[in-house]
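What follows is a single structure, written as structure tokens, with notes after it.
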There are 2 protein chains.
Amino acid sequence: MAKFSAIKEHVYNKIASGEWPENHPVSSENALASQFKVSRMTARRALQELADEGIVIRTKGSGTFVAPIKSQTSFMAIRNIADEIRSRQHDYASQVHVLRRQVASELIAEMLNIAAGDEVYLSVISHFENDLPVQVEERYVNPKLAPDYLKQDYHSLTPHEYLCEVQPLTEASHQIEAVAPSQQLCQWLHLSKPEPCLRIHRRTWSAKGVVTYAVLTHPGSRFSLGGHLQF
Amino acid sequence: MAKFSAIKEHVYNKIASGEWPENHPVSSENALASQFKVSRMTARRALQELADEGIVIRTKGSGTFVAPIKSQTSFMAIRNIADEIRSRQHDYASQVHVLRRQVASELIAEMLNIAAGDEVYLSVISHFENDLPVQVEERYVNPKLAPDYLKQDYHSLTPHEYLCEVQPLTEASHQIEAVAPSQQLCQWLHLSKPEPCLRIHRRTWSAKGVVTYAVLTHPGSRFSLGGHLQF
DNA sequence: TAGTGGTCTAGACCACTTT
DNA sequence: AAGTGGTCTAGACCACTAT
């Protein structure tokens, strides 16, 4: 692992563990440089990247401090589909189609920021609302960040829940598109004939890197995404 | 101005002016360093920041290249489609299909928070990116909040721009779904056969109430929505 | 005045891609 | 083999903040 990454992790752990609360001062560039026996430029890079990620705030002449927690005004919160369905007073169920390790294609490797040909974990799960599938979740997981992913029972716990436990998420990006479903997807979604589907591609990061890439496909007739913004 | 900023600007201008199109190679770190008489580390910082901003893509061993422009809109921000398209260095054009007053249906009345049967203004406009329609905008407007809506020329100004001027928006809600386009929409979108479309329903408020309800339909093959969240 | 972060230099070694 | 980006060093000067 690169030296600056090790320093980032060290600082992040102090914050995540609660040892350094909000606004607590972070070790200075010089302090980290001598502690880790690196040049100041290397220590600096670690702190700079944490600042870019919003984890830390730097003030010229004053120092580096743990950033206050952001207000929850996100347009699209990362929601757990099981909770979502249960909050509508409906029954939730799931069906696991695939749960195995496989070799990363080029696309998947790029999404997870690993090398093509490396091993990844893959799960494909249908999520049911009142006995009708509303989502097929195709999920690729970085084995280094969740080594026990394949050992979980995804009937009692969603992959999202498990991953949040072992790798608290710090960042996510989404891509939303409309697609025609494959024949396989039609089966999994219990669609007798193809209909437009809403597809969400979601990459999620923890402090240690990209944890997972998920492709979530929903039948257009059974799903829509909502959001609210205030200015 | 800092040296690395000057280099960033130089590279950005080459791209913005069109001199360096998509995937065009960008001067290497060493080339920029000698050209601007700075150290490689300084030239490197300029390119690195452009990469972080998604303007440029770097590949180890290969070089730095102008990033391909994705037809992608952030759903975190309400943006003006004309600006969006122009910011991708593409041509923008529009075609007005409908611009008239009509009686509000029950659905429209509810969306605009007025009485069914009241008069509303309606516009239907196609928005073109490089001569291909990427959005059909069907918009219902509350006449009380924008009485001159029908008198505008929507070739030089988008409805969104006009409404923001007369009624600064304070709030918005979105609903996103996948649908099969009607025959009429296929015509307006220049689709020879129906394909899954991404549809956004957007209600926007000013301080005085609901200003407008818009139904934005995009061909799935020509459009996707992106977003990024940090925690 | 001492300490901090912001910028910059002139080297270096490495892994990788292209030729 | 030559060129590229990724990492790192051991210095330097500056502007700013706190004391």
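Because the structure is predicted, anything quoted here is derived from the model rather than measured. Because only heavy atoms are used, hydrogens play no part in the values below, and waters and symmetry mates are left out as well, while side chains stay in.
Rounded to whole Å, atom C1' of D/dG11 lies 12 Å from atom CG of A/Asn30. Spacing between atom NZ of A/Lys8 and atom P of D/dC8 amounts to 12 Å, rounded to whole angstrom units. Distance CD1 (B/Ile7) to C1' (C/dT9): 13 Å, rounded to an integer number of Å. What separates CG of A/Leu32 from P of C/dG3 is a distance of 16 Å, to the nearest Å. Atom CD in A/Glu49 sits about 14 Å away from atom P in C/dG6, given to the nearest Å. What separates CE of A/Met41 from C1' of C/dG6 is a distance of 10 Å, to the nearest Å. A/Phe36 places its CZ atom 16 Å from the C1' atom of D/dC8, with the value rounded to the nearest Å. Note: CD (A/Glu29) to C1' (C/dG6) measures 8 Å, nearest angstrom.
With D/dG5, D/dT7, D/dT9 as the candidates, the nucleotide lying closest to the side chain of A/Val38 is D/dT9. Among C/dC8, C/dG6, C/dT4, the nucleotide with an atom closest to any side-chain atom of B/Ala2 is C/dC8. Taking every side-chain heavy atom of B/Thr64 into account, D/dG5 is the closest of D/dG5, D/dT17, D/dC8. For B/Arg44, taking side-chain heavy atoms from C-beta onward, the closest of the listed nucleotides D/dT9, C/dG6, D/dG5 is D/dG5.
Distances shorter than 4.0 Å separate none of the side-chain N or O atoms of A/Ser39 from OP1 or OP2 on D/dA10. When the side-chain nitrogen and oxygen atoms of B/Lys60 are compared with OP1 and OP2 of D/dT7, none of them lie within a distance under 4.0 Å. Look at A/Arg58 and you won't find any side-chain N or O under 4.0 angstrom from OP1 or OP2 of C/dT4. Look at A/Thr42 and you'll find a side-chain N or O under 4.0 angstrom from OP1 or OP2 of D/dT9. Between B/Thr59 and D/dG5, a side-chain N or O to OP1/OP2 separation shorter than 4.0 Å is absent.
For residues 22-58 of chain A, the pairs satisfying ring-ring contact (aromatic ring centres under 6.0 Å, His included) are A/His10-A/Phe36, A/Trp20-A/His24, with sequence neighbours left out.
Comparing A/Ala31 and B/Phe4, the nucleotide of DNA chain C nearest to each residue sits closer to the 5' end for A/Ala31.
A/Arg40 contributes a side-chain N or O that forms a donor-acceptor pair with the base of C/dG6 under 3.5 Å.
Here the side chains of A/Gln184 and A/Val136 are not in contact, with every heavy-atom distance at 4.5 Å or above. No side-chain heavy atom of A/Leu163 sits under 4.5 Å from any side-chain heavy atom of A/Thr204.
Within the 4.0 angstrom heavy-atom criterion, only backbone atoms of the sugar-phosphate kind lie near B/Arg45; the bases stay farther away.
The aromatic rings of B/Tyr92 and B/His127 lie parallel to each other, with less than 30° between the two planes, well short of the 60° mark.
Electrostatic pairing of A/Glu29 and A/Arg58 counts as a salt bridge here, judged by a charged N lying under 4.0 Å from a carboxylate O.
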